[in-house]
> 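Have a look at this one.
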Amino acid sequence: MRTQVAIIGAGPSGLLLGQLLHKAGIDAVVIERQSADYVLGRIRAGVLEQVCVDMLDEAGVGTRMHKEGLVHGGFEMLFQGRRHRIDMHALTGGKSVMVYGQTEVTHDLMDARSAAGLTTIYSASNVSVHDFDGPRPRVLYQTEGPDGPQQHAIDCDFIAGCDGFHGVCRASVPQDALTTYEKVYPFGWLGILADVPPVSHELIYANTERGFALCSMRSETRSRYYVQCELTDRVEQWSDDAFWDELRARLDPQAREQLVTGPSIEKSIAPLRSFVAEPMRFGRLFLAGDAAHIVPPTGAKGLNLAASDVKYLSSALIEHYREKSDAGIDHYSDRCLRRVWKAERFSWWFTSLMHRFPDTAGFGQKVQEAELDYLIHSESAARSLAENYVGLPLDFAEP
Ligand code: APR
Ligand code: PHB
């Protein structure tokens with residue numbers, strides 16, 4: 001088979017890239033290791049920046065998001081037993097975020113892809129990427145045929161590595177060509193999804209003596225809640241009742257009273273990590289999204305960063321095919337990394353501010369309290385938080 005761009009991974013990065021390339025008349029094939037149902041079964045964050053919303057519109061998949069998504073102009077910070085509202089809308093000159101689950105984004109992208117009759121190969125095994133340092137890259141993979149495994153090859157102009165943190169693309173780059181930066185946090189997030197109305201109409205980020213908690217939502221009838229937990233905790237140890245008791249203990253009296261509980265639809269534990277691999281391009285192989293960087297979930301920047309990588313990448317490829325210019329390709333890595341590092345900084349900072357760290361009692365704790373107090377009494381401090389939360393602008397200036 002031959003295509004212009006072989007996209008490895010059918011997560012939000014790969015599917016969004018596929019859609020934007022299709023709109024521009026560029027041919028792409030998506031190769032995914034898992035089944036479509038497996039991909040849709042993963043529950044991830046659900047706060048979209050305006051930049052991401054605009055891209056989904058541009059890709060032609062925004063209709064359901066605008067109908068079912070919830071526009072939020074603020075969120076709340078809870079500490080020392082009291083809630084304080086961050087009025088993002090007022091602080092940023094009218095900006096807001098869209099609360100709409102990543103699962104739904106993926107669903108909409110998959111639907112659009114199949115409606116357009118585009119090729120996605122699911123359940124591909126032993127995917128490998130070759131010759132991306134020369135003019136004719138190649139992707140090999142296997143599928144299960146009636147008589148056993150079948151070997152396939154795709155010849156292409158470019159490979160887009162949208163295959164997440166554990167993918168094959170970053171791992172195929174020679175180790176000495178790559179620099180990685182990593183920070184692992186000493187706690188995890190235990191998350192629950194339940195068909196109960198959200199405790200409040202806006203998100204609540206809580207810093208409490210018992211640890212961090214987050215009240216989020218997917219709709220007016222579906223809630224997503226998290227509590228900071230030990231890295232050694234196993235999800236089986238947490239009954240639904242134990243989760244609700246712990247969450248309730250981390251809320252303010254009013255929220256405690258308003259909390260509606262019910263059986264969980266999903267429950268999982270995620271570790272928290274900051275990670276960046278540099279650069280994000282090696283010849284004709286590009287890394288995008290989680291394949292190149294991970295942020296801790298505080299502030300929900302993961303999907304938004306994936307979307308901005310895809311914006312830079314699709315623009316670069318469109319420029320290559322339409323204008324015969326490789327300027328966008330040459331600037332791809334630097335452009336992405338400038339935005340990536342700002343989101344890394346913000347996610348690390350917000351995580352550090354809102355969690356209880358085992359090793360920072362005393363001085364660390366006092367500094368955290370002072371910073372929270374500063375945030376709600378200084379408009380400049382609150383504006384900086386709001387500006388980052390709604391998302392920094394895309395910057396196409398030459399790095
Ligand atoms: N071959 C083919 N596909 C692969 C391979 C492989 N060797 N390895 C992984 N994949 C697939 C995964 O199964 C997954 O569906 O690549 C996809 C990567 O998707 P994500 O992990 O969702 O990454 P990305 O699309 O960059 O999305 C970033 O999603 O993961 C969240 O927190 C993250 O919100 C962020 C956003
Ligand atoms: C979520 O809804 O899953 C979510 C929301 C905000 C975050 C992280 C996760 O900061």
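Just follow the structure's listing: the first ligand is 1, and inside any ligand the first atom is 1. For reference, positions follow the sequence shown, starting with 1.
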> Have a look at ligand 1 and work out which part of Ile294, if any, has a heavy atom under 4.0 Å from it: side chain, backbone, both or neither.
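No part of Ile294 comes within reach of ligand 1.
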> Quick one: look up the protein heavy atom nearest atom 19 (O) of ligand 1 and list residue, atom name and how far away it is.
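Nearest protein contact, heavy atoms only, for atom 19 (O) of ligand 1 is Gly11 CA, 3.5 Å.
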> Any atoms of ligand 2 less than 4.0 Å from a non-hydrogen atom of Gly299? List them with their elements.
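Counting atoms of ligand 2 from 1, those under 4.0 Å from Gly299 are 10 (O).
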> Are His22 and Asp27 linked by a side-chain donor-acceptor pair shorter than 3.5 Å?
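No, because no side-chain N or O of His22 sits under 3.5 Å from a partner of the opposite role on Asp27.
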> Taking only non-hydrogen atoms of Ala124, do any sit less than 4.0 angstrom from ligand 1?
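Judged by the 4.0 Å heavy-atom criterion, Ala124 does not count as contacting ligand 1.
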> Test your reading of the structure: does Ser216 have an N or O sitting under 3.5 Å from an N or O of ligand 2?
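Ser216 vs ligand 2: N/O contact under 3.5 Å present.
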> Rounded to the nearest 0.5 Å, how far does CD of Gln80 lie from CG of Asp252?
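So the gap between those two atoms works out to 13.5 Å.
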> Given Arg136 and Asp155, is the salt bridge (charged side-chain N to carboxylate O under 4.0 Å, His left out) satisfied, shown in steps?
CA-CA 7 Å; Arg136 273 182 291 280; Asp155 293 304; over 6 Å; no
> Taking only heavy atoms of Val47, which atoms of ligand 2 are found under 4.0 Å from at least one of them?
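Those of ligand 2 that fall under 4.0 Å from Val47 are 5 (C), 6 (C).
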> Looking only at heavy atoms, is any part of Leu203 under 4.0 Å from ligand 2, and if so is it the side chain, the backbone, or both, or is it neither?
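Answer for Leu203: side chain.
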> Evaluate the salt bridge (charged side-chain N to carboxylate O under 4.0 Å, His left out) criterion for residues Arg218 and Glu266: first the C-alpha distance (whole Å), next the side-chain angles of each, then the deciding distance (0.1 Å), finally the verdict.
CA-CA 13 Å; Arg218 292 291 173 269; Glu266 194 262 0; over 6 Å; no
> How about Phe275 and Phe165: are their ring centroids closer than 6.0 Å?
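Yes, the ring of Phe275 comes within the 6.0 Å limit of the ring of Phe165, centre to centre.
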> Could you name the option among Ser13, Pro296, Ser123 that has the heavy atom nearest to atom 26 (O) of ligand 1?
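It is Ser13 that holds the nearest heavy atom.
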> Out of Arg44, Glu32, Lys301, indicate the one that has the non-hydrogen atom closest to atom 13 (O) of ligand 1.
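Residue with the shortest heavy-atom distance to the ligand atom: Glu32.
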> Near Val168, which atoms of ligand 1 are under 4.0 Å from a heavy atom of that residue?
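Within the 4.0 Å cut-off of Val168, ligand 1 contributes 7 (N).
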> Ala300 versus ligand 2: do any nitrogen or oxygen atoms come within less than 3.5 Å of each other?
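It does: an N or O of Ala300 is found under 3.5 Å from an N or O of ligand 2.
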> Pull out every atom of ligand 2 sitting under 4.0 Å from any heavy atom of Tyr205, numbered as shown with elements.
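With Tyr205 as reference, the close atoms of ligand 2 come out as 6 (C), 7 (C), 10 (O).
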> May I ask you to say whether Arg383 pairs ionically with Glu387, meaning some side-chain N is under 4.0 Å from a carboxylate O?
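A salt bridge is absent here (no side-chain N lies under 4.0 Å from a carboxylate O).
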> Are any of the N/O atoms in Tyr226 less than 3.5 Å from those in ligand 2?
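Right, the criterion is met.
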> Do the side chains of Glu344 and Lys183 get close enough for a salt bridge, i.e. N-O under 4.0 angstrom?
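No, this pair does not count.
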> Report yes or no: does Ser308 contribute a side-chain atom to a donor-acceptor pair with the main-chain N or O of Leu305 at less than 3.5 Å?
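Yes.
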> Will you find, in the side chains of His320 and Ser325, an N or O donor that is under 3.5 Å from an N or O acceptor?
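Looking only at side-chain atoms, Ser325 and His320 do not form any donor-acceptor pair under 3.5 Å.
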> Enumerate the atoms of ligand 2 whose separation from the nearest heavy atom of Arg224 is less than 4.0 angstrom.
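So the atoms of ligand 2 that pass are 3 (O).
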> Answer yes if the side chains of Asp334 and Tyr312 hold a donor-acceptor pair under 3.5 Å, and no otherwise.
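Checked: Asp334/Tyr312 side chains show no N/O donor-acceptor pair below 3.5 Å.
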> So, Thr120 versus Arg113: side-chain donor-acceptor pair below 3.5 Å or not?
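On atom types as modelled, these side chains qualify, holding a pair under 3.5 Å.
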> Would you tell me which option among Gln102, Arg42, Arg33 has the nearest heavy-atom contact to atom 36 (C) of ligand 1?
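Among Gln102, Arg42, Arg33, the closest heavy atom to atom 36 (C) of ligand 1 comes from Gln102.
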> Are a donor atom and an acceptor atom from the side chains of Ser274 and Tyr185 found within less than 3.5 Å of each other?
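Their side chains do contain a donor-acceptor pair, which is all the 3.5 Å distance test asks for.
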> Go through ligand 2 atom by atom and flag the ones less than 4.0 Å from a non-hydrogen atom of Pro297.
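Numbered from 1, ligand 2 contributes 7 (C), 8 (C), 10 (O).
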> Which of the atoms in ligand 1, numbered in the order shown and given with their element, are less than 4.0 Å from a heavy-atom of Asp163?
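So the atoms of ligand 1 that pass are 4 (C), 5 (C), 8 (N), 9 (C), 10 (N), 16 (O), 18 (C).
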> Heavy-atom contacts under 4.0 Å between Leu303 and ligand 1: side chain, backbone, both, or neither?
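Both backbone and side chain.
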> Near Cys162, which atoms of ligand 1 are under 4.0 Å from a heavy atom of that residue?
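Ligand 1 atoms under the 4.0 Å threshold to Cys162: 16 (O), 17 (C), 18 (C).
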> Under 4.0 Å from a heavy atom of Gly164: which atoms of ligand 1 are those, numbered in the order shown and with their elements?
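Within the 4.0 Å cut-off of Gly164, ligand 1 contributes 18 (C), 21 (O), 23 (O).
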> Show me which atoms of ligand 1 lie under 4.0 Å from any heavy atom of Gly302.
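Numbered from 1, ligand 1 contributes 34 (O), 35 (C).
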> Does an N or O anywhere in Ile8 fall below 3.5 Å from an N or O of ligand 1?
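In this structure, Ile8 places no N or O atom under 3.5 Å from an N or O of ligand 1.
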> Which atoms of ligand 1 are found less than 4.0 Å from any heavy atom of Gly289?
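This gives 26 (O) as the contact atoms.
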> Between ligand 2 and Phe350, can you find any atom pair, the residue atom being a heavy atom, that is separated by under 4.0 Å?
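Outside the 4.0 Å threshold, so no.
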> Strictly by modelled atom types, are Asn126 and Gln142 linked by a side-chain donor-acceptor pair under 3.5 Å?
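Side-chain D/A pair, Asn126 to Gln142: present.
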> Check the pair Phe75 / Tyr205 against ring-ring contact (aromatic ring centres under 6.0 Å, His included), numbers first and verdict last.
CA-CA 8 Å; Phe75 62 87; Tyr205 289 86; 5.4 Å; yes
> Return the closest protein heavy atom for atom 28 (C) of ligand 1 as residue, atom name and distance.
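Of every protein heavy atom, Asp290 OD1, 3.4 Å lies nearest to atom 28 (C) of ligand 1.
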> Quick check against the 3.5 Å criterion: does Arg170 have a side-chain atom that pairs as donor or acceptor with the backbone of Ala291?
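Looks like yes, one N/O pair under 3.5 Å.
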> Show which atoms of ligand 1 fall inside a sub-4.0 Å distance from at least one heavy-atom site of Gly167.
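With Gly167 as reference, the close atoms of ligand 1 come out as 8 (N).
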> Could you list which atoms of ligand 1 come closer than 4.0 Å to a heavy atom of Gln34?
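Going through ligand 1 atom by atom, the ones under 4.0 Å from Gln34 are 13 (O).
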> Which class fits the ring pair Phe187 and His355: parallel under 30°, tilted 30 to 60°, perpendicular over 60°?
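Phe187 vs His355 ring planes: parallel.
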> Could you tell me whether Leu214 and ligand 2 have an N or O pair separated by under 3.5 Å?
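No: no nitrogen or oxygen of Leu214 is under 3.5 Å from one in ligand 2.
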> If you measure from atom 1 (C) of ligand 2 to every heavy atom of Lys301, Met354, Arg218, Met217, which option wins on shortest distance?
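The nearest heavy atom belongs to Arg218.
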> Among side-chain atoms of Asp309 and His293, is any donor-acceptor pair under 3.5 angstrom?
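Yes, because at least one side-chain N or O of Asp309 sits under 3.5 Å from a partner of the opposite role on His293.
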